[in-house]
Every structure is written in C-alpha cells, then in structure tokens.
Amino acid sequence: MKRAIAVLSACLMASAIAVHAAETPPLVIAKQGYIYAGGKYVDGPDGKTMQGQSYVEYQIPQKRTHPYPIVMIHGGGQNGSNFTGTPDGREGWAQYFLRQGYAVYVVDQVGRGRSPLHPSYGETVLRSTSSIEERFTAPERSKLWPQATTHTQWPGTGVAGDLAFDQFYAEQMPSLASFPKQQELNRDAGIALLGMVGPPIVLGRSPSGTFRWAVPAP
C-alpha cells in the first residue's frame, strides 16, 4: 500500500510539473555559461594546487532591461540549485529575475557544489533530516518557537519520505564547520567575482547575507 501511495504521489507531482511547464511561456536566453571566481595556487606535498575558487553559473536574458546583474549566494548546507528551482518542480528565483529582465549569476559557495573542496578548509558538517524538518520544512511539528504552528509554506508533509522533502534533502551538502573560514573564503571569491562582472545586486540567503557586507562594491 505504501508503495502504491508513493507511486501515485510521484505521478501527481509529475502531472503538476507538466501543467506548470505548459502554462509558463518560454524563457529566452541570449547567453549562458559559467566562470570560476577567485582562487589561488598553494604549494603542497605533491606540487601546486588551487584553493578558494567559486563556481558561478550565469544566464543573460534576450530582453535585458536592467543594467545591474543579480548575484545569488545560497545559504548554509545548500548549493546554487537553491535558486534554480523548487523541490516540487516550480521555477526558482533565478528564473523569476531572468523573466524580469535581469542577468543572473548563481554562485556555488567555496567548497560546495561545483566549487572544489580543498583539504585546507578544515572539517565539514552535514545537517540531519530532523534538523531540516524542525527548522525549515515542518516546524509546526516540533514547535520550537511560538509562531511555528502557523507554518504552511511547504509542499507536502515536510518530513523524510515525502517526495518534495526528499528532493530538497538530496541537495543538502556539507558546510565548512568554521564559519569564519566560510566568510574569509567567500569574501575573497566574492570580491573576485565583482571584479569580473561589475557592480551587481547581491542577493544573499541566511548565512551568506554576512558575506555581502565583507565584499566592497567595485
């Protein structure tokens, strides 16, 4: 029975995604690609390696109406996919702003996603499913703060085993255990990125909001 319910849920989600895609007009992109911002060579026992580089994926809409690009930096335990879609298949903030006429640069923080993890960065930590459920997807169940019971902004049950939750948890990644180290590495990569793309609008989420203050505008 559980398997049948899971299959039915998957079919319903696939149908909802297909309907949404059919209703959304095409997104016309003039140019897209990726760059690596920052990074420096360091000496090691086997020769030189690079550390500190950040992967940045960009898209520029055909009808660009705003002069400043938007640089999106994800939060803790995430990667750039946090901005390029939702766990239930809807478009993300990247597509939203592209449709508004902005060029968009989506960052993978140093040491996460397609930004290589260098041994010198130190220990990493990965959030458990219960930590995600309590703080983000189903806080109404744990009631860690008074307003938690009013939470409704999550598709599905918000717990492990639910399709939308499983998609969301699949993208969780280990974060550097040292937050000062995170700030240092992403500050330097951010400065390098701004030097490459010019003055932007920086959109930070959760802990990455602190990185913005450490990155001077060019």
Exercise. Closest heavy-atom contact between G77 and S175?
Worked result: N-OG, 2.9 Å

Problem set entry | Heavy-atom pair of closest approach, residues R127 and S131 | NH1-OG, 2.7 Å

Seminar exercise, completed: Rounded to the nearest 0.5 Å, the NE2 atom of H74 sits from the CE atom of M173 at a distance of 8.5 Å

For this session: Please test N82 against W93 for side chain to side chain contact (heavy atoms under 4.5 Å, CB included), starting from the C-alpha separation and ending with a verdict.
Result: CA-CA 9 Å; N82 188 213; W93 285 113; over 6 Å; no

Seminar exercise, completed: Between the CD1 atom in I60 and the CD atom in Q32, the distance rounded to the nearest 0.5 Å is 10.0 Å

Problem set entry | Distance (rounded to the nearest 0.5 Å) between F136 CZ and S206 OG | 6.0 Å

For this session: Check whether any side-chain heavy atom of T129 lies under 4.5 Å from a side-chain heavy atom of F165, and answer yes or no.
Result: yes

Exercise. Can you check whether Q109's main-chain N or O pairs, donor with acceptor, with N79's side chain at less than 3.5 Å?
Worked result: no

Exercise. Is there a side chain to side chain contact (heavy atoms under 4.5 Å, CB included) between Q172 and L126 once you walk through the steps?
Worked result: CA-CA 8 Å; Q172 303 300 308; L126 177 64; 4.3 Å; yes

For this session: Report yes if some heavy atom in the side chain of V197 is under 4.5 Å from a heavy atom in the side chain of Y105; otherwise report no.
Result: yes

Problem set entry | R141/V159 under side chain to side chain contact (heavy atoms under 4.5 Å, CB included): CA gap, chis, key distance, verdict | CA-CA 10 Å; R141 291 172 174 262; V159 299; 3.5 Å; yes

Problem set entry | Min side-chain heavy-atom separation F168-Q78 under 4.5 Å | yes

Problem set entry | Check: E171/Y169 side-chain N/O donor and acceptor closer than 3.5 Å | no

Exercise. Taking all atoms of both residues into account, what is the closest heavy-atom pair of P199 and P69, and its distance?
Worked result: O-CD, 3.5 Å

Exercise. Does Q53 reach the side chain of P116, with side-chain heavy atoms less than 4.5 Å apart?
Worked result: yes

For this session: Please answer whether the main-chain N or O of G80 pairs with a side-chain N or O of D108 as donor and acceptor at a distance below 3.5 Å.
Result: yes

For this session: With the side chain counted from C-beta on, respond yes when F97 and L203 share a heavy-atom pair under 4.5 Å apart, and no when they do not.
Result: yes

Exercise. Are any non-hydrogen side-chain atoms of I73 and V202 less than 4.5 angstrom apart?
Worked result: yes

Exercise. Would you say the side chain of Y55 lies within less than 4.5 Å of the side chain of V107, judging by non-hydrogen atoms?
Worked result: no

Exercise. Counting N and O atoms only, with roles assigned by atom type, does the side chain of T150 sit under 3.5 Å from a partner on the main chain of Q147, one being a donor and the other an acceptor?
Worked result: yes

Exercise. Would you say T49 and H118 make side-chain contact, with heavy atoms under 4.5 Å?
Worked result: yes

Problem set entry | Test item: H66 side-chain N/O and Y68 main-chain N/O as donor-acceptor pair under 3.5 Å | no

Exercise. Does a side-chain N-to-carboxylate-O contact under 4.0 Å join E184 and K181?
Worked result: yes

Problem set entry | Inter- and intrachain pairs under side-chain hydrogen bond (donor to acceptor under 3.5 Å, both in side chains), touching residues 151-161, at least two apart | E140-H151

Exercise. Within a reach of under 6.0 Å around OH of Y34, are more than 12 heavy atoms found that belong to other residues, nucleotides or ligands?
Worked result: no

Problem set entry | Gap between atom OG1 of T65 and atom CD of Q100 - 0.5 Å precision | 8.0 Å

For this session: Check step by step if side chain to side chain contact (heavy atoms under 4.5 Å, CB included) holds for V71 and I201.
Result: CA-CA 6 Å; V71 172; I201 299 167; over 6 Å; no

Exercise. Between Q182 and L176, is there a donor-acceptor pair closer than 3.5 Å when you use the side chain of the first and the backbone of the second?
Worked result: yes

For this session: Calculate, to the nearest 0.5 Å, the distance between atoms CZ and CG belonging to F179 and N186 respectively.
Result: 9.0 Å

For this session: Search all heavy atoms of A148 against all heavy atoms of P139 and return the closest pair with its distance.
Result: CB-O, 3.4 Å

For this session: Would you confirm whether Q95, through its side chain, and G92, through its main-chain N or O, come within 3.5 Å as a donor-acceptor pair?
Result: yes

Seminar exercise, completed: Nearest heavy-atom approach of R135 to W145 is O-CH2, 3.9 Å

Exercise. Within the side chain of S81, is there an N or O that forms a donor-acceptor pair under 3.5 Å with the backbone of T84?
Worked result: no

Exercise. Side chain of T124, backbone of P174: donor and acceptor closer than 3.5 Å?
Worked result: no

For this session: Mark yes or no for whether T137, through its side chain, and G158, through its backbone, hold a donor-acceptor pair below 3.5 Å.
Result: yes

Problem set entry | Lys/Arg-Asp/Glu bridge criterion (N-O < 4.0 Å) met for R99, E91 | yes

Problem set entry | Heavy-atom closest pair, residues A37 and A189 | CB-O, 3.7 Å

Exercise. If only atom types and distance count, is the side chain of R112 paired as donor or acceptor with the main-chain N or O of S115 below 3.5 Å?
Worked result: no

For this session: Output the distance between atom CG (D88) and atom CG (L163), rounded to the nearest 0.5 Å.
Result: 10.5 Å

